[in-house]
Amino acid sequence: MAVGDNFHLFIIFFLTLAPCLRSSVSHQDLPRGHGQQLGKHRESEGHVDVIDSSELPSPQKFWDHYASIRKPVVFRGAAKHFPAFQLWTDEYLTENYGNLEVKLEAKREKEEVPVGARGLGRDTIRSFLETYQKKDTYTVSQLPDPLSREVKVLPFLMCGTFSERILEANLWLSSGGTRSMLHKDADNAFNCLLNGTKDWILIHPDNEENIPVAEGDRGYGGFATLDVESVNLIKYPKFKEVKWQYANMTAGDCLFLPYKFDPTGCSNAKLNYTALSDVDMVWTYPGHGPQTMGNVDPFETKDEYLSLVNQTENGRLDADIIFEVLTDGEVMQNHEDLRRSIAEKVLKIIDVDKKGYASKEDVEALTLDQLKQMADVIDPDPANTEEYEFAIFDLDSVR
């Protein structure tokens, strides 16, 4: 769950009603919404703002009215300008991109990881599209690079820092009926819907103190512990105070989900829809091999290490200091030797002159490639690899 003073946004799909929980409290004393789906505990604050694609804001207006104040907004019909909106049928994707590999998840988050044609949590687009109507799975994966030619970046993002810090693009494919746990994402996001409908409940970070969060998840992204289909307001009484908004999306809409921006200036030049393939994204995926989905923002990593070196008495970072930071961040929490090894690898990346420490100048000189190396070392995700099963199963589980 996001760090520091950054914006935290909780999102969830709107789901069907669930029966009330059994409780020793009398029916008359039960708080409103107890045992019912998320959002029944109080009236909503209304639908988020909606802007038609014919009236998209300038970069400055988008910043002033939405990004700077971390306010979600639906851009109605914006995705209809993507070639993908017309092209991406099952037949087209199978014929043109069927051999590309994607990640698989169960329709209900945190359930058992499904097996696809390429192993645990891994499938080809062809195999998925041949079976997804019959299986309880869906694709949530880094977008394979070849498909990025048919996706556009909204015009007001093609300016200054907006365009320079597009981290990654992800692909969601399902037959419907998916749900997510109550969670917050770690980065700004634009969710564009090409087919079907999608309903959201959005909770502002001002409510965070009243939301039960899973242990260890009050950091860079994370999940709440309550059941969104049957909220227990006896166990979590503070949740009664949580305010919420909703957003309804139909095919062709894009929803802005804010986290944090640090923008630079934009010119007044006319901006157009731009192919995603023409943008220098930080993390990309060719369609085969390991992914980098969900990797940390390298620009934030640089800011954090600059802050860290400024806090030292002698202006030097060594492996011991980095080890302490990793420990505080619960990196490899139960593996001190691995955490020590990670600290030494990080220092080696920063300390290019092999002094045994890193100075402020060393951190300031870090290139994007070096920062990406640091991200791979500090926060690797086994689910992004083709050997995911080795991280899930131990030898005793193999028969």
Side-chain angles (χ1 to χ4, degrees), residues 11-19 37-38 79 82-144 146-148 150-151 169-183 191-200 223 227-230 248-253 285 287-291 293-294 381-393 397-399:
I11 56 175
I12 189 70
F13 293 121
F14 209 63
L15 301 173
T16 57
L17 287 170
Q37 80 177 104
L38 184 69
F82 301 0
F85 185 76
Q86 299 292 340
L87 293 175
W88 284 10
T89 62
D90 290 6
E91 294 76 15
Y92 177 86
L93 291 172
T94 299
E95 180 178 350
N96 292 276
Y97 304 113
N99 291 330
L100 299 179
E101 297 178 12
V102 290
K103 291 170 64 176
L104 281 181
E105 289 192 10
K107 282 189 175 181
R108 294 178 179 268
E109 277 186 314
K110 302 300 182 181
E111 289 191 353
E112 186 173 325
V113 179
V115 177
R118 290 292 185 266
L120 188 69
R122 201 94 175 182
D123 210 345
T124 64
I125 289 179
R126 174 177 289 106
S127 172
F128 174 78
L129 292 176
E130 288 175 347
T131 60
Y132 77 108
Q133 296 283 1
K134 304 173 184 177
K135 293 185 177 180
D136 195 28
T137 63
Y138 72 109
T139 287
V140 52
S141 176
Q142 204 164 358
L143 182 74
L147 280 78
S148 66
E150 296 164 359
V151 177
N170 296 330
L171 174 68
W172 294 59
L173 295 171
S174 85
S175 60
T178 60
R179 79 159 198 179
S180 106
M181 298 172 65
L182 183 61
H183 71 278
N191 187 295
C192 295
L193 186 65
L194 300 181
N195 192 18
T197 60
K198 193 169 185 177
D199 301 317
W200 303 73
F223 292 86
D227 182 349
V228 298
E229 293 189 79
S230 186
N248 303 133
M249 296 177 68
T250 57
D253 294 345
Y285 168 58
H288 298 280
Q291 297 191 20
M293 183 178 175
D381 184 353
N384 279 331
T385 70
E386 296 173 292
E387 294 80 33
Y388 186 26
E389 57 263 38
F390 294 106
I392 298 293
F393 302 115
S397 302
V398 179
R399 291 181 292 179

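Everything quoted here is computed from the prediction, not taken from an experiment. Position 1 is the first residue of the sequence; numbering continues from there.
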Residues T250 and D253: side-chain donor-acceptor under 3.5 angstrom = yes
Do Y285 and E101 meet the criterion of a side-chain donor-acceptor pair at a distance under 3.5 Å?
-> no
To the nearest 0.5 Å, tell me how far L104 CG sits from R118 CZ.
-> 12.0 Å
Residue set satisfying side chain to side chain contact (heavy atoms under 4.5 Å, CB included) with T89, at least two apart, ordered chain then number -> E91, Y92
Are a donor atom and an acceptor atom from the side chains of S141 and Q291 found within less than 3.5 Å of each other?
-> yes
List for me each residue that meets side-chain hydrogen bond (donor to acceptor under 3.5 Å, both in side chains) alongside T197, sequence neighbours excluded, and say none if there are none.
-> none
CD-CG distance between Q133 and D90, expressed to the nearest 0.5 angstrom = 7.0 Å
With sequence neighbours excluded, what pairs up with Y132 under the ring-ring contact (aromatic ring centres under 6.0 Å, His included) test?
-> F128
Nearest atoms (heavy-atom pairs only) where P290 meets R122 = N-NH2, 4.1 Å
For the pair L100 and H288, evaluate side-chain contact (heavy atoms from CB on, under 4.5 Å) and give the outcome as yes or no after the intermediate values.
-> CA-CA 6 Å; L100 299 179; H288 298 280; 3.8 Å; yes
For T94, the side chain to side chain contact (heavy atoms under 4.5 Å, CB included) test, sequence neighbours excluded, returns R126, L129
How far does CG of L171 sit from CG of L147, to the nearest 0.5 angstrom?
-> 6.5 Å
Provide the closest heavy-atom pair for L173 versus Y138 in the form atom of the first, atom of the second, distance.
-> O-CB, 3.2 Å
What distance do T131 atom OG1 and D123 atom CG have between them, rounded to the nearest 0.5 Å?
-> 6.0 Å
Return the set of residues passing side chain to side chain contact (heavy atoms under 4.5 Å, CB included) with A79 (not counting sequence neighbours), or none when no residue passes.
-> F82, C192, L194, C254
Just wondering, are more than 12 heavy atoms of other shown residues or ligands nearer than 6.0 Å to CG in N195?
-> no
Nearest heavy-atom pair of V102 and I125: which atoms, and what distance?
-> CG1-CG1, 3.8 Å
Looking only at heavy atoms, which two atoms of K103 and M293 are closest? And how far apart?
-> NZ-SD, 4.0 Å
L193: partners by side chain to side chain contact (heavy atoms under 4.5 Å, CB included), with sequence neighbours left out | K198, M249
